[in-house]
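Counting starts at 1 for both ligands and their atoms, following the listed order.
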Amino acid sequence: MSSSLSNNRTAVNIAPDYAALCAPIAARIADLARAKPDCVLGLATGSSPLGVYNLLARHHAESSLDFSRVTCFNLDEYYPMAWDSPHSYHEFMRENLFSRINCGHWHVPDGASRSAEVIAESCRAYEDSIRAAGGIDLQLLGIGRSGHIGFNEPGSAVDSRTRLVALHPITREDAAPSFSGLSNVPTEAITMGIGTILEAREIILMAHGPSKAQIIAAALEGPVTDQMPASLLRGHKAVTWYLDAGAAEGLTK
Ligand code: F6R
């Protein structure tokens, strides 16, 4: 059982646990891929979507869910980062999703070390590729403890586009275990912008566990401000927040 609250723009679904959180998200993506076989998905890395990716892989294996005409764009990549590094988000996506389904085209921002001009050009090209693919039909997001979506940290403009950004200290701290220590965590990343994300036709933000409760309450019930990037989603016309009981425990309304 999950409960739902919604207003005109923002729907909030609260599930009792992580499995119940992931199932309807995977079902929504599967429905979209069946209804629109050439749909465009925006995807996230991190721990939040792993259960969704497991379910999509299972739908592909057991129900022949076809991704051959689907195009995927990931939100972000660390900088500098070789695409084939075990720490790269490219490798994360290959391992956790794309090696397990038959996705036609998938893209992750290129974190290769280059001059500022070449990075800016490659960020523009990423935006152009999204546009050329027809725009993102459904964007899946997690949320960082800094309030970031993608790697749009506090202060990111509502109309920001794909670009090189500095990571917030909390974001680097949270990444430290997977880099065997804070000093190994990159200080920068390339991320789709808030403006890029808000152009998606539908957005799903997912969060689980009590470590996200405070940031979820601030993003959903605090002021809409670029100091809390996830709060900017409240201006989108089709966004659904999927939370488990732990992530929802700070909500008062
Ligand atoms: C990852 C991304 C980030 C994560 C966020 C939550 O591609 O864009 O915004 O979604 O940091 O990470 P987890 O899910 O590991 O808590």
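- In this structure, the side chains of Glu188 and Leu167 stay at 4.5 Å or more apart for every pair of heavy atoms.
- Between His90 and Trp83, the ring-plane angle classifies as perpendicular under the 30° and 60° cut-offs.
- Those atoms of ligand 1 that come under 4.0 Å of a heavy atom in Gly46, given as number and element, are 14 (O), 15 (O).
- Atom 13 (P) of ligand 1 has its nearest heavy-atom neighbour, among Ser178, Ser211, Ser47, Gly142, in Ser47.
- Of all the heavy atoms of Asp76, the ones lying under 4.0 Å from any atom of ligand 1 belong exclusively to the side chain.
- Listed by first and then second residue, the side chain to side chain donor-acceptor pair (under 3.5 Å) pairs involving residues 210-230 are Glu221-Thr252 (not counting sequence neighbours).
- Looking only at protein heavy atoms, the nearest one to atom 16 (O) of ligand 1 is Lys212 NZ, 2.6 Å.
- The pair Glu127-Arg124 does not meet the salt-bridge criterion, since no charged nitrogen lies less than 4.0 angstrom from a carboxylate oxygen.
- For the pairing with Met206, the side chain to side chain contact (heavy atoms under 4.5 Å, CB included) check across Val52, Leu243, Ile143 returns one residue only, Val52.
- Close N/O approach between Thr45 and ligand 1 is found [any backbone or side-chain N/O within under 3.5 Å].
- Of all protein heavy atoms, the one lying nearest to atom 11 (O) of ligand 1 is His148 NE2, 2.6 Å.
- With a 4.0 Å heavy-atom cut-off, ligand 1 is reached by no atom of Asp174.
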